[in-house]
Amino acid sequence: MVPNVTLTDITALLAALAIAGPLAQWLGIGTVLGYLTAGVLLGPFGLPRIFSSYEANEILHFSEFGVVLLLFLIGLELRPKRLWSMRTAIFGLGGAQVGVTALALGIVAIAFGMSWRAAMFTGLVLALSSTAFALQVLEEKGELSARHGRLAFAVLLFQDLAAIPLIALAPMFAVKAVGAGGAGMEGFAAIKALLVIGAVVLVGHFLLDHMFRLIARTKVRDAMTAAALLTVVGVSLVMQQAGVSASLGAFLAGALLSESSYRHQLEADIKPFEGLLLGLFFTAIGMSLNLSLLVQKPALVIALTAMLIIIKTVVLTRLGRSHGLEAGPARRLGLALSQGGEFGFLLLTVAAGAGILLRGEADLLAVVITLSMAATPLLLSAEQRLMPAKANAMPLYDPMPVNDGHVIIAGFGRFGQIVARVLRGKGLPFTALDISAEQVELVKAFGSKAFFGDASRPEILDAAQADKARAIVIAIDDIEASMRTAELVKSRYPALPILARARNRNHAHRLLDLGVTAIERETFLSALEITRRLLKTLGSTDKDVERTIQTFRAHDERRLVEDYKHYSDIEKLQAKARTDVATLKSLFEEDATEAAKALKAARTATAGVAPTAVASAKELRRSQG
């Protein structure tokens, strides 16, 4: 796939990936910096000089597919409801960051003698951070689930979205004027891109999940993996043909499958490819670094890199503070996103081709972006060492009260809040946790008290004093998060009673796998209550309604346990579901027969007693007459 790359070269690359990442992790500098260093050593400026500049660029183009896979996985995690809940952070904080940073960097570029068009384009290019780099570093440091980590994710998502129109509109920044025909062509290209995006969304919404369902029935694991990769490649190819970024196409494909029942299977299949190709991507960036510029103009390169990092850090820190972050987390947010991004390399190539920047300027900025990437993990580590008190005070969760003999409620949505209201009314202590900071703020406005924290993390359950709790109620909406929490509680606090909300039968079966038996399916009881009212509305007697409901409940709970033996075998479950209708009908008929017999016996007994009672009444009237 990559020309002129031999088996020896592939061996060198795999060795670099196998050694550089773990070694860098052991040294505490982050795997990404390890890959960049390995790339420098393997590239045209390294001591062995294994790869030429041409080969390094070819490997970089090939490995950019790792970024595509990363955005596909991000799309898988972004359910529409979650995306909507993040809209303020994405478009508010993200939009402000790109706008303010681009303006500040553009002014600096003008001061260096660029035209205003080239300067503003340069500012926009450098305002973008590296999604792959920043997320990798934050995840390695365990900060991705912290509030500043989630805000960083929102900013990066906006930047990825902003890169798409920036690529399409790049010719508008060219020094040469665009004629009427050129403007018309740009307008046509924009309309074409929008139509293709709309078509991808429609086809994906109605087709993708059905396609994966058919493939899953074959039970061929390799076919599922191939279909997952085909989806990413196919959508990316269609997008590229329409002049739109392949990364956006992959993100859309992931978002369309975020509600699919095969989401976790897809993630498991894609993740190894994504990790390997991302490592290769960062190694290729290290190979592509033009160190001759660093040797020829060291002061200029270092000054530009320092200005880029300082400006982005200051802007993001101030914006983080305005969004409610403390000083430490806001500073971590700024440092985590202080580098240039992988879209920058692509945009600089576009800019050089369109005449916006000279080739030498584009090469210089590429070196600056690469050095800013290399500096990020070092700056984060230095900040943590130089300011340990403030860094350590940065919470992954809200401070929690000291409790003993309390109840922990994991998940404070509509389900968990009902449990909390009853406990509060009875005067029983509880600690409510929720992973959504927005939800915590919302319930506070209505007088409820909850704490921000991911209950599937051991340090947060420790902070909630799970070792002193009387019970934990797992009321988490997300099934996988619920399972992670249940697994953690079972392994870390085996004596703590677990009462769990189950979203569906499969979720209930998975909880049973862990030994959790106090399970309530969230819609089961409410559906029975509606059915009870319906039967009364249709004219059934109270006794008949209660008998019907109790018969069905006993039957369904018995079937839940029976299905548990085969819950991983879809075909057996489908067969049992088909026979269940006849079984349930037979049970209702037996109940009706028994009820009729009981009623007849009661009437017979009443008929035998009635004449005696009448005669006794007549005799009594005569004696009184």
Side-chain angles (χ1 to χ4, degrees), residues 70-71 74-75 77-106 120 123-139 141 143-166 247-248 251 255 308-344 372 376 379-380 383 394-396 398 434-442 444-445 452 454:
L70 172 68
L71 287 173
I74 290 173
E77 293 297 325
L78 275 185
R79 298 183 177 185
K81 185 168 66 173
R82 184 183 175 195
L83 192 61
W84 178 250
S85 69
M86 293 173 64
R87 64 191 182 281
T88 303
I90 294 172
F91 296 101
L93 179 59
Q97 182 274 326
V98 171
V100 175
T101 306
L103 181 62
L105 291 171
M120 290 314 300
L124 287 167
V125 169
L126 297 179
L128 305 180
S129 304
S130 171
T131 300
F133 200 99
L135 291 183
Q136 185 95 346
V137 171
L138 287 169
E139 186 175 9
K141 294 186 176 295
E143 298 177 21
L144 196 54
S145 61
R147 186 155 188 263
H148 70 279
R150 291 182 292 113
L151 287 177
F153 176 79
V155 171
L156 290 166
L157 180 57
F158 179 84
Q159 291 178 357
D160 290 337
L161 295 174
I164 312 311
L166 193 56
S247 300
L248 178 61
F251 174 77
L308 171 63
I309 292 172
I310 290 170
I311 290 173
K312 294 188 79 170
T313 301
V314 170
V315 170
L316 277 159
T317 301
R318 294 300 304 164
L319 289 173
R321 293 286 282 160
S322 70
H323 276 70
L325 290 179
E326 296 295 328
R331 188 170 54 250
R332 301 285 290 178
L333 170 67
L335 289 172
L337 303 186
S338 62
Q339 75 290 134
E342 53 271 355
F343 278 117
S372 68
T376 300
L379 290 171
L380 285 170
E383 192 267 352
M394 178 182 57
L396 292 174
D398 289 337
D434 200 279
I435 197 172
S436 169
E438 292 81 3
Q439 178 69 7
V440 171
E441 293 300 320
L442 178 64
K444 281 182 182 177
F452 167 69
D454 181 356

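One-based numbering along the sequence shown.
To the nearest 0.5 Å, atom OG1 of residue Thr101 and atom CG of residue Leu128 are 9.5 Å apart. The CG atom of Leu333 sits 10.0 Å away from the NE2 atom of His323 when rounded to the nearest 0.5 Å. Atom OG in Ser372 sits 11.5 Å away from atom CG in Leu337 (nearest 0.5 Å). The line from CZ of Arg332 to CG of Leu151 is 14.5 Å long, rounded to the nearest 0.5 Å. To the nearest 0.5 Å, atoms CD1 (Ile310) and OG (Ser338) are separated by 10.0 Å. Once rounded to the nearest 0.5 Å, the distance linking CZ of Phe91 with CG of Leu157 reads 7.5 Å.
When each of Glu326, Glu383, His148 is paired with Arg331, the side chain to side chain donor-acceptor pair (under 3.5 Å) condition holds for Glu383 and for no other.
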Determine, step by step, whether Phe158 and Val98 satisfy the side-chain contact (heavy atoms from CB on, under 4.5 Å) criterion, reporting the C-alpha distance in whole Å, the side-chain angles of both residues, the deciding distance to 0.1 Å, and the verdict.
CA-CA 9 Å; Phe158 179 84; Val98 171; 3.8 Å; yes
Run the numbers on Leu105 and Leu308 for side-chain contact (heavy atoms from CB on, under 4.5 Å), then give the verdict.
CA-CA 7 Å; Leu105 291 171; Leu308 171 63; 3.9 Å; yes
Can you check side-chain hydrogen bond (donor to acceptor under 3.5 Å, both in side chains) on Gln339 and Thr376, steps first, answer last?
CA-CA 7 Å; Gln339 75 290 134; Thr376 300; 3.0 Å; yes
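Contact detail for Leu316 and Gly334: the closest heavy-atom pair is CB-CA, 3.6 Å. Of all non-hydrogen atoms in Lys312 and Leu126, the two that sit nearest each other are NZ-O, 3.0 Å. Taking both residues in full, the closest heavy atoms of Ser129 and Leu156 are given as CB-CD2, 3.9 Å, listed atom of the first, atom of the second, then distance.
Gln97 places a side-chain N or O within 3.5 Å of a backbone atom of Ala127 that can act as its donor or acceptor partner.
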